[in-house]
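Comments concern the structure below.
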Amino acid sequence: MRSLRDFSAGIGFFLKGFGWVARNGRWWGFGLIPALIAFAVYVVALIFLGMYAFELAEFLTPFADTWSWQGVFRTLVGIVLFAGGLALAVVTFTAVTLAIGEPFYERLSAAADPLDDEIEQPWWRTLPRSIRDSLVTLCYVLLFTLPLFVLGFVPVLGQTVVPVLGAAVSGFFLTVELTTLALERRGVARKERFRLLRANMGVTLGFGVAVFVLFLVPFVAVIAMPAAVAGAAFLVRHHIAPTIQAPHPPTTP
């Protein structure tokens, strides 16, 4: 029962982010700029993948050349490839957008979550670390999503259990990315951020899954990105921060 309450609370933080940006339209417009740039890049990439999904499926399945139903099989593989690319785009969109808009979202997060004892560092120092942490997170994402991608071909299991697990995994790592700004401003390093979010898994999944599902809708990811950053700041401020013992400068793992 507590897990369900925590999950609902996570969704609530995302909704609070929407409420905050709705009341602060200037910050919403401010946060749309990097999201629009990233969205344009992803649209081009997904169009390219959609155009060549069948050719890629044919390249990956030479063993099916002699099958009488190779056309149907490769069409299904092409659809799965595009769906996998779409899911990967949803997960990586946040990391890429945050990297592009580091100065934008850092200011937005600070406005939603003001701190008296904030640990400030110049952007030229935080940006390389943020990119490195995002790459590490991406490796974790691939570590989990690649097996799920393969399991997606299993009848029944691939259409029921796998999508749920995929949403949970994607949601967790989306929360990892979105809470980075608020936690870094408190001096929390990457390994500690992972530990804190795992210790608050219900809220983490509620917030992340809500973001993941909404980000699946075309163009909604752009509109919702500022709200997601603000919501993550509220999640950290009201749920995660009270469990942090004491702030300390980020260290290189």
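M225 CE to L108 CG: the interatomic distance, rounded to the nearest 0.5 Å, is 9.5 Å. Summarising the geometry, atom CZ belonging to F39 is positioned 12.0 Å from atom CG belonging to L32; distances are rounded to the nearest 0.5 Å. Here the CG atom belonging to L178 is positioned 8.0 Å from the OG1 atom belonging to T180, to the nearest 0.5 angstrom. If you take CZ on R185 and CG on L115, they are separated by 4.0 Å, rounding to the nearest 0.5 Å. Atom OH of Y105 and atom CD1 of I33 lie 9.0 Å apart (nearest 0.5 Å). Between L205 atom CG and I11 atom CD1 the span is 10.5 Å, to the nearest 0.5 Å.
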Run the numbers on I100 and V41 for side chain to side chain contact (heavy atoms under 4.5 Å, CB included), then give the verdict. CA-CA 12 Å; I100 293 173; V41 173; 5.8 Å; no
Could you check M201 against L197 for side chain to side chain contact (heavy atoms under 4.5 Å, CB included), going step by step and ending with a plain yes or no? CA-CA 6 Å; M201 187 62 79; L197 292 174; over 6 Å; no
Let's go through F14 and F207 carefully: what are the C-alpha distance in whole Å and the side-chain angles of both, what is the deciding distance for ring pair (Phe, Tyr, Trp, His ring centres under 6.0 Å) to 0.1 Å, and is it a yes or a no? CA-CA 6 Å; F14 187 30; F207 181 84; 5.8 Å; yes
For H239 and F234, run side chain to side chain contact (heavy atoms under 4.5 Å, CB included): C-alpha distance rounded to whole Å, both residues' side-chain angles, the deciding distance at 0.1 Å, then the answer. CA-CA 8 Å; H239 195 87; F234 293 137; over 6 Å; no
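Both M51 and F48 sit in one connected hydrophobic cluster of ILVMFWY residues. Membership requires side-chain heavy atoms under 4.5 Å apart, directly or through other members. V44 and I37 fall into different hydrophobic clusters, where Ile, Leu, Val, Met, Phe, Trp and Tyr side chains are chained together by heavy-atom contacts under 4.5 Å. Tracing side-chain contacts under 4.5 Å through hydrophobic residues (I, L, V, M, F, W, Y), one reaches I223 starting from V211; they form part of the same cluster. V164 and V209 are members of different hydrophobic clusters when ILVMFWY side chains are connected at heavy-atom separations under 4.5 Å. The same ILVMFWY cluster, assembled from side-chain heavy atoms under 4.5 Å apart, contains both I240 and L15.
R23 contributes a side-chain N or O that, together with a main-chain N or O of G19, makes up a donor-acceptor pair within less than 3.5 Å. Proximity of a side-chain donor or acceptor of R186 to a complementary backbone N or O of A241 within less than 3.5 Å is not detected. Checked by atom type and distance alone, the side chain of N24 pairs as donor or acceptor with a backbone atom of W20 at under 3.5 Å. Side chain of T175 to backbone of T204: a donor-acceptor contact under 3.5 angstrom is found.
Closest approach of A230 to V21, counting heavy atoms only: CB-CG1, 4.3 Å. In this structure, A38 and T97 approach most closely via the heavy-atom pair CB-OG1, 3.3 Å. The nearest pair of heavy atoms linking F215 to A224 is CE1-CB, 3.8 Å. Minimum interatomic distance between R193 and V188 (heavy atoms only, all atoms of both residues): NH1-O, 3.0 Å. Here the closest non-hydrogen pair linking P114 and A111 is CD-O, 3.8 Å.
Counting heavy atoms from C-beta outward, F59 and Y52 have side chains that stay 4.5 Å or more apart.
Atom CZ of F30 has more than 12 heavy atoms from other residues, nucleotides or ligands within 6.0 Å. Within 6.0 Å of the CZ atom in F63, the count of heavy atoms belonging to other residues, nucleotides or ligands exceeds 12.
Ring pair F13/H238 is parallel by interplanar angle, where below 30° counts as parallel and above 60° as perpendicular. Ring-plane geometry between F18 and W28 is classed as perpendicular, the angle between the planes exceeding 60 degrees on a 0 to 90 degree scale with a lower cut at 30.
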Would you be so kind as to tabulate the donor-acceptor pairs closer than 3.5 Å made by side chains of residues 71-96, with sequence neighbours excluded?
| residue | atom | partner | partner atom | Å |
| --- | --- | --- | --- | --- |
| R74 | NE | T61 | OG1 | 2.9 |
| R74 | NH1 | D65 | OD1 | 3.4 |
| R74 | NH1 | Q70 | OE1 | 2.8 |
| R74 | NH2 | T61 | O | 2.5 |
| R74 | NH2 | D65 | OD1 | 2.5 |
| T75 | OG1 | G71 | O | 2.7 |
| T92 | OG1 | Y42 | OH | 2.7 |
| T92 | OG1 | L88 | O | 2.8 |

